[in-house]
Enquirer: 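Have a look at this one.
This one's a predicted model, so the numbers in the text were calculated from it and none came from an experiment. Values below: every heavy atom of this structure, side chains too, minus hydrogens, waters and symmetry copies. Throughout, a chain's letter reflects where its sequence line sits, starting with A, and its residues are numbered from 1.
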There are 2 protein chains.
Amino acid sequence: MNTVVLPGDPKSEVQTPALCLNLDSFEANLQRTASAVRAAGKQWRPNSKSHQSLDIAKRLIHAGAIGLTCGCVAEAQIFATQSIRDLLITQLPVGNRRIRQLAELCKIADPIATCDHYVQAEALSQECQRQGVRCRALVEINVGLERTGARPGRDTIELARGIDRLPGLILSGIMGIEGNRVPGESIEDIDRKMGAASGILAHSRDIFLQNGLCCGIVSGVGTDSFPQGLRSESLTEIQAGSILFRDEPTSKSASRHDASPTLTLLSTVISRPGFERAVLDAGTDWLAAGTATPTIKDWPDARVLRQYAEHLVLELGPCSRELRIGDQVELTIPHLAATVALHRQFLGFRQHQLEAVWPIFTRSFSG
Amino acid sequence: MNTVVLPGDPKSEVQTPALCLNLDSFEANLQRTASAVRAAGKQWRPNSKSHQSLDIAKRLIHAGAIGLTCGCVAEAQIFATQSIRDLLITQLPVGNRRIRQLAELCKIADPIATCDHYVQAEALSQECQRQGVRCRALVEINVGLERTGARPGRDTIELARGIDRLPGLILSGIMGIEGNRVPGESIEDIDRKMGAASGILAHSRDIFLQNGLCCGIVSGVGTDSFPQGLRSESLTEIQAGSILFRDEPTSKSASRHDASPTLTLLSTVISRPGFERAVLDAGTDWLAAGTATPTIKDWPDARVLRQYAEHLVLELGPCSRELRIGDQVELTIPHLAATVALHRQFLGFRQHQLEAVWPIFTRSFSG
C-alpha cells in the first residue's frame, strides 16, 4: 500500500515531496572531485554526513576515496558492513556504550578515533585492552573554530605523548576542522581561516616529528575550503564530502568548478488560494532551510513567501501564475545534510527517468 | 552491536543523545487534557505530528480521543494498522498516488479528506468510485492563516455544494486552522486570532445548515489556542496534540494549566576545551531549535553559545564550571515536532529508571 517507485518511472509519477538526484551531474562532480584531490597529491576521505547512503559510499570508494569520515560510531558500523574499513570517527569517544561500540568496530574494520583530552584516550585504551583490539587515534586540535580540539602547542604535544604510551591505541596523527563558511563570510575570509588552520596543523606536525611521534595523518578541510585545502602543504587528507552535491551555500563559495546543484526537492502544487499565491506539499518536514531560502527551479518569478512544516507558500509573478493544482515544481536545497536527514531515499534520475533508488540510513538516529 | 537500552536501565547507562519522556508528567498531561476537552463538550482528535508513535496514539485513544489528525495519508495508513479508524487527513488530496492511497485507506479505516478546491474533490471522487469506496470530506476554510483553505462565504458554499453532489464522497463538515502562535505574539493576539477563526467557522456552519448541507464536524484548534478552543461555540472537535508534551513555546503561551515540559534531550559533555566552555554531543542533528534556544536543566548558569550539527557549545557560569567530560545534562526541547522527527524512539522514564521504549515512525519519510 505504501509508495512504490520503480526504475524507469517518469518523474511525473513520483509521489512528492521527493529528494531527486541528477545522476549525470553527480557522476561528473564525483570524477572531478576525485581527480582534483589526486592531482594535488592528497588522499580523499569524504565526510558521509551529506549522503548517509551505502550506495553513494561505495561509489566514492570506487572513485578513489581511501575511506570515509563519519560523525559517530554507529554510522561507521553501517559502512563497515559494506567492507569499508578505513573509517575516521570525528565524534570524541565519551560514554561507556560509545567506547564499547568503537572497540568492537576494531574487530571488523580499521577505525580512527579522535581525542582532545587524555580521559577520552584513557577510557578507550582500557576498553581496547579488554576486547583485545588496537585502535588508531588522532589528536584533534582546535585550529580556530573554538569548538572541540586541544590547544595547539604544549597541550597538544602532551596529549600526543600520553596517547603514544597508552596500550591499545596507535597514535597516527592530527585532525583540525576550520569550520564551514558562515553567512556573510567572503571567500577571502575562508582563505584566511583555512590558512590559519593549515599553519597550525603544519606546525603541530613538525613538533610531533621533532618529538619522535607518528604524524602520518593530517586530516581536515570541509567543502567550503576545498580549493584552499588542495593547496595546503601540511594536509595529507581531505574530508570534503558535500562538494559532490552542491547545495546553495557550497556553490556560491568555494567549489568554483561546477555550480549546478545535483539535488532538488520535487514538490506538487496542492492549493492555489489566490491569483498570486500557490501552496506546495513541501515544508520544513522535508526541506531544512537553515539560514537560506529555497528557490524554485524554472520559475524565476516565483518565490517562497512563508515556510510551514507541511506547506510552502509561494508568491507568484506574471509567468508562474500559470501554475495549477497538481503541477510539479523543483526546489533547490539550501541546507544539504539537514535535508538529507529528513528523507528515506535518493531518487536518482537520468534526465526525467528514474534510474536508481538509494536508501538513506539517517545518521541522526544513530546516537 | 547497536545501541540497546532495556527497561530497568538507569538513565546514566543510556547512550546519548536520547529523547527522554517523563512518564509521570506525560500521563498527568494526558488525563488533564482529555478531561478538559470532555468537560467542554467537545471531541478530541489530537494531531499525531508531535509524537509519530503508535504507542502514544493507543494511549490517546484509550484516554478518550475519538481518532487522530494526520498530516498525510501515509501516516494515517500506519495508524490504521493499529485499528485506529477515525483519521482526519489535513493534507489536500493532490497527485495520483496520494489519491490512490487515500481511497485504499477507506477499505481498512474511515478517513476524512479535506479539500479547498473542486479539482481535488473531483479526482478523489473518481478514484473512490473506481475502487468502490466512499470517503468523508471536509471543506477546509481559510480562517486567517492565509495558507490553504477556500475563501469563507460563497467560495466555501459552492465548493461544499459541489462535493455534496460528487459520488464516492460524503460531505461531513468544515475545518479551519488558525495557526500557531508566532514569536512575539501575545496571548491576546492568539485570543483574537482564535476568535476570528471561530466566528468564520460558526458562520460557515450556519450557511451549510441553511443550505441543507451536512456540517456534523467543525474541526480545528492547535495547542497554542487550546483554552480558547474549548470555549468556542462552533467547534465540535479539537486537534491540539503537542499540548501533551509542552515544548517551550507551548508552555509559555496557551497551555496554562501545566508548564512542566515532559520531553528533554539527554546529552553528554564530550569536551571541556576551556574554563568557561563545555561541548555536548548533541546538536541540530538531534535537536531542532527553530526560533528558540534550548536551555540546560539543573544548570541555570550554563547557556547554549553556539549550535552545530553534532555539537552544542555551552558557556558555563560559576556553578556549571564543575561539569566534566562524561557528565550527562538534559536540554529542553524548543521545537517539539521537528525534534521528534529526528529521533527513532522515545525513552520513557519513571524517575530515573527506563520503563518504556516507544518507536517513532517519522512521518517526514512518508511523503
Enquirer: Output yes when a side-chain donor or acceptor of A/R97 lies under 3.5 Å from a complementary backbone atom of B/E13, and no otherwise.
Expert: yes
Enquirer: Any chance you could measure B/Q120, atom CD, to A/I325, atom CD1, to the nearest 0.5 Å?
Expert: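 Spacing of CD (B/Q120) from CD1 (A/I325) equals 4.5 Å.
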Enquirer: Contact part of A/L145 toward chain B, heavy-atom cut-off under 4.5 Å: side chain, backbone, both or neither?
Expert: both
Enquirer: For chain A, which candidate among B/E140, B/H117, B/H311, B/R147 shows the most heavy-atom pairs at distances under 4.5 Å?
Expert: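 Ranked by heavy-atom pairs under 4.5 Å with chain A, first place is B/R147.
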Enquirer: Tell me the closest heavy-atom pair linking B/G149 and A/S271, and the distance in Å.
Expert: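 Closest approach of B/G149 to A/S271: N-OG, 4.5 Å.
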Enquirer: Would you mind checking which part of B/D281 comes under 4.5 Å of any heavy atom in chain A, side chain (CB onward), backbone (N, CA, C, O), both or neither?
Expert: both
Enquirer: Can you tell me how far apart CD (A/E146) and CZ (B/R277) are? Round to the nearest 0.5 Å.
Expert: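 Answer for the CD-CZ pair, A/E146 versus B/R277, is 4.5 Å.
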Enquirer: Quick one: CD on B/E310 to CD on A/Q91, what's the gap to the nearest 0.5 Å?
Expert: 7.0 Å
Enquirer: Any side-chain heavy atom of B/R98 sitting closer than 4.5 Å to one from A/T16?
Expert: yes
Enquirer: Going through the distances and angles, do A/D285 and B/K49 end up as a side-chain contact (heavy atoms from CB on, under 4.5 Å)?
Expert: CA-CA 10 Å; A/D285 278 356; B/K49 181 183 175 58; 2.6 Å; yes
Enquirer: Considering only heavy atoms, which portion of B/T148 lies under 4.5 Å from any heavy atom of chain A: side chain, backbone, both, or neither?
Expert: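 Contact with chain A is through both the backbone and side chain of B/T148.
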Enquirer: A/R306 versus chain B, heavy atoms under 4.5 Å apart: side chain, backbone, both or neither?
Expert: side chain
Enquirer: Measuring from atom CD of A/Q101 to atom CD of B/Q15, what distance do you get when rounded to the nearest 0.5 angstrom?
Expert: 4.5 Å
Enquirer: On a heavy-atom basis, which atom in B/D116 and which in A/I270 lie closest, and how many Å separate them?
Expert: OD1-O, 4.3 Å
